[in-house]
Amino acid sequence: MQNRQIADIIEEMATLMELAGDNPFKCRAFHNAARLISISTGEMSVHAEAGTLTTLKGIGKGLAPIIADLALKGTSDELSALRRSVHPGLLDMLKVEGLGPKKVRLLYEKLGINSLDTLRRAAEEGKLTGLSGFGGKSRDNILRNLALLDRYRDKRLLREAETAGESVLAAVSSLPGVTVCSLAGSIRRRMSVIGDIDVLAAAPEKTHAGIIAGFGKFQDTGRVISSGPTKSSVMLDAGIRCDLRVVTPAAYPFALQYFTGSKAHNTRLRTLAKSLGWSLNEYGFTAIGNGGTRRCRTEEDLYDALGLEYIPPELREDTGEIEAASEGTLPRRIGDGELRGTFHCHTTWSDGRNSVAEMASAARELGWEYIGIADHSKAASYAGGLSVKDVTRQIAEIEELNARMRGFRIFAGSEVDILPGGSLDWDDRTLGCFDYVVASVHSGFRMSEAEATQRIIRALKHKHVTMLGHPTGRLLLEREGYPVNVKSVIDAAADYGKIIEINANPRRLDLDWSHCRYARDRGVLISINPDAHAVAGLRDVRYGVGVARKGWLEPKDVLNTLGLTDVTARLSASRARAGR
DNA sequence: GCCGTTTTCGGCCCGACTGTTTTCAGTCG
């Protein structure tokens, strides 16, 4: 069993234990282990076979045999026992906002409620009232949140959440008293999908009530979920939840750090603070013992006070950033303007909406030195894949455009389909015509993991392939992608000296940030590609830069931080190796 | 269940908000 599945099961066990009323610290240990496994770069099965599971921090003698069973046998007696002892419908009930394990358990034990349907019926029939802890408001909330669950179940893509968040931010910044405000939470950490929008504002205390009231009256606000003196949650008309928190200007850096998270990062930070004699919360440092305080003007000051280098928001996932910050070995962050060009763009030759010339011109306006055009190959008929004749004509067009430009170059590439067996959709002669080749899977998704992985590895081995496009084929919040073993693919790319793209389209973000470090450690070069189908899509590279930063990549790990001269040399060298 | 330079017991991050059990437990982030 793979890490992702193991992590899901350990997480399920933690939740089941909560529902069973187990020791909360034991439950937390399981939650922590699930998170640890999900972000681990080493396969649990390898650790299990080597007997080294307990060398992983957070896994001890209790969890190790369970993980080993899951990794090697795919089952676990403890899991089976838990599943038998807790009604499976209770897991669904936890999704209702306001219901946690204690209340779900009470509903089950006292009223036999074990599903969303029976919960809805019981609430409608007034059967909840009288149960300890449940009054009239609880009933109304449960009914409303059950309805919300149906309507707003899905998370949102980063781009969509960020757009909505920025519009709220602009409105908040105009409220009387607000001195500074920011998006926080998972948007600021550049997560791929977003559950809710966190907005933080600093303002003098006497203006807080007015700000909270104003927030509830915004044009985009659909419904106020909860509202107190300093905190308010609303459901935006766009169907995404938005939380506003208002603090005093003195508390702002602490609150910004706190509400950016992640939860795991913050927990570690507080533990570190405690070891230094400070209690840390969203308002400041308090000296343990004498109650003294310590001011910070910025987040940088806060990290400095803990003896840490400033940790950028994208890295705050408790994946080693705190240790690196204390040793001064955090990765050098890729700057916003550090890309000098990009690859994998489409034009009207296949399914793009702009011509080669228009795409090139837009790239120049972004200050880039080059753009790589990679339209679809012939098998991608649904996407207007080119014929061999089209290829010749398109390359001629690109050469003509290049002849007219100074200080900018269009690279003639192709996004060639990786066919089901792993062969490529162009013959070698055609492949040899391009400056570079992106190989991608676009069809035949119903494969086993072994088949999908071998298919891609075989394509990577092909001498004419320069880079791999969208490695897993996932569409965030839409489809899973093919079941590829990403680590094996990265290993193959390392062996064959091939590049892997971070597809920066906000629906893809594929390679995922969690795999970037492994690629970097294996020496695999990454290309941040927008997969742009129109000029506006070129700007999507910023989402790819977010993925790269979040994945600990540095400028030297990314192909398109190279200037035109270096990139040309690099592509020429790989062409020469392929005998082109 | 995990951890440990105070290491095999005792602690494990911390606060806001809600609703209801009129002083606080549960939930959420």
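Throughout, protein chains are lettered first and strands after them, A, B, ... in sequence-line order, and every chain is numbered starting at 1.
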**Message:** Can you tell me which nucleotide in B:dG29, B:dC17, B:dC12 comes closest to the side chain of A:R28?
**Reply:** B:dC12
**Asked** Please give, in whole Å, the distance from B:dT18 C1' to A:K102 NZ?
**Response** 16 Å
**Prompt:** Hey, does A:L269 reach any base, or is it just sugar-phosphate, or nothing, if we go heavy atoms under 4.0 Å?
**Reply:** nothing
**Message:** By nearest atom, which of the nucleotides B:dC17, B:dT27, B:dC3 is closest to the A:K103 side chain?
**Reply:** B:dT27
**Fill in**
Of B:dG19, B:dG1, B:dG29, the nucleotide closest to the side chain of A:K26 is B:dG1
**Asked** Reckon A:Y258 touches a base, only the sugar-phosphate, or nothing at all at heavy-atom distances under 4.0 Å?
**Response** base
**Item:** Interatomic distance at C1', B:dA16 relative to B:dC9, whole Å
**Value:** 33 Å
**Request:** Remember a base hit wins even if backbone is also touched, and classify A:S227 as base, sugar-phosphate or nothing at under 4.0 Å, heavy atoms.
**Result:** sugar-phosphate
**Item:** Separation of atom CD1 in A:I197 from atom P in B:dG29, rounded to whole Å
**Value:** 14 Å
**Request:** Could you work out the separation of B:dT23 and B:dT18 based on their C1' atoms and round it to a whole Å?
**Result:** 15 Å
**Complete:** Closest to the side chain of A:K231, out of B:dA16, B:dC13, B:dT18, is B:dA16
**Message:** In this structure, how many angstroms lie between the C1' atom of B:dT27 and the CZ atom of A:R105, rounded?
**Reply:** 16 Å
**Request:** Please work out if A:P101 contacts a base, only the sugar-phosphate, or nothing of the nucleic acid, heavy-atom cut-off 4.0 Å.
**Result:** sugar-phosphate
**Request:** State whether the side chain of A:T319 and the backbone N or O of A:L315 hold a donor-acceptor pair below 3.5 Å, judged by distance alone.
**Result:** no
**Span that lies between the C1' atom of B:dG4 and that of B:dC14, in whole angstrom** = 23 Å
**Item:** Test log, rule side-chain hydrogen bond (donor to acceptor under 3.5 Å, both in side chains), inputs A:S233 and A:R241
**Value:** CA-CA 7 Å; A:S233 300; A:R241 181 186 165 122; 3.2 Å; yes
**Request:** Go through B:dC13, B:dC14, B:dG1 for me and flag the one nearest to the A:N281 side chain.
**Result:** B:dC14
**Message:** Rounding to an integer number of angstrom, what distance separates B:dG11 and B:dT20 when you compare their P atoms?
**Reply:** 35 Å
**Under 3.5 Å: donor-acceptor pair, side chain of A:S279, backbone of A:T286** = no
**Asked** Among B:dA16, B:dT20, B:dC28, which is the nearest nucleotide to the side chain of A:E97?
**Response** B:dC28
**Prompt:** Looking at the side chain of A:L63, which of B:dG29, B:dG19, B:dG1 is the nearest nucleotide?
**Reply:** B:dG1
**Complete:** In whole angstroms, the gap separating C1' of B:dG29 from CD1 of A:I225 amounts to 13 Å
**Prompt:** When the C1' atoms of B:dC13 and B:dC28 are considered, how many whole Å apart are they?
**Reply:** 14 Å
**Request:** Please work out if A:N266 contacts a base, only the sugar-phosphate, or nothing of the nucleic acid, heavy-atom cut-off 4.0 Å.
**Result:** nothing
**Complete:** Comparing A:Y283 with A:T54, nearest DNA chain B nucleotide closer to 5' gives the residue A:T54
**Nearest-angstrom distance from the residue atom CG of A:L131 to P of B:dA25** = 17 Å
**Request:** Would you kindly give the NZ-to-C1' distance between A:K61 and B:dT8, to the nearest whole Å?
**Result:** 10 Å
**Item:** Flag, side chain of A:N281 to backbone of A:G284, donor-acceptor distance under 3.5 Å
**Value:** yes
**Asked** In whole Å, what separates the P atom of B:dG15 from that of B:dG10?
**Response** 25 Å
**Asked** What integer number of Å spans the C1' atoms of B:dC17 and B:dC3?
**Response** 33 Å
**Asked** What integer distance in Å separates A:M17:CE from B:dC2:P?
**Response** 10 Å
**Item:** Interatomic distance at P, B:dG26 relative to B:dT8, whole Å
**Value:** 33 Å
**Asked** Nearest to the side chain of A:T267 - B:dT20, B:dC13, B:dC17?
**Response** B:dC13
**Option among A:R316, A:K274, A:Q257 that satisfies the side-chain contact (heavy atoms from CB on, under 4.5 Å) test with A:L269** = A:Q257
**Request:** Measure from the side-chain N and O atoms of A:T298 to the backbone N and O of A:D301, and report whether any donor-acceptor pair falls under 3.5 Å.
**Result:** yes
**Message:** Less than 4.0 angstrom between a side-chain N/O of A:S279 and OP1 or OP2 of B:dC14, yes or no?
**Reply:** yes
**Message:** Strictly below 4.0 Å: does A:N141 bring a side-chain N or O up to OP1 or OP2 of B:dG19?
**Reply:** yes
**Asked** Which base, if any, makes a Watson-Crick or G-U wobble pair with B:dC14, both distances under 3.5 Å?
**Response** B:dG29
**Proximal nucleotide (of B:dC13, B:dC17, B:dG1) relative to the A:K263 side chain** = B:dC13
**Asked** Any idea how A:H87 and A:Y108 line up, ring-wise: parallel (<30°), tilted (30 to 60°), or perpendicular (>60°)?
**Response** tilted
**Among B:dT18, B:dA16, B:dG1, the nucleotide that comes nearest once only the side chain of A:S226 is considered** = B:dT18
**Asked** At under 4.0 Å between heavy atoms, what does A:R245 touch on the DNA or RNA strands: base, sugar-phosphate, or nothing?
**Response** sugar-phosphate
**Prompt:** Per the salt bridge (Lys or Arg N to Asp or Glu O under 4.0 Å) rule, which among A:E321, A:E314, A:E317 passes with A:K550?
**Reply:** A:E317
**Asked** Contact class for A:G261 (heavy atom, under 4.0 Å): base, sugar-phosphate, or nothing?
**Response** nothing
**Message:** By nearest heavy atom, map A:C27 and A:F259 onto DNA chain B; which one lands nearer the 5' end?
**Reply:** A:C27
**Request:** Could you tell me the separation between the NZ atom of A:K57 and the C1' atom of B:dG1, rounded to a whole number of Å?
**Result:** 14 Å
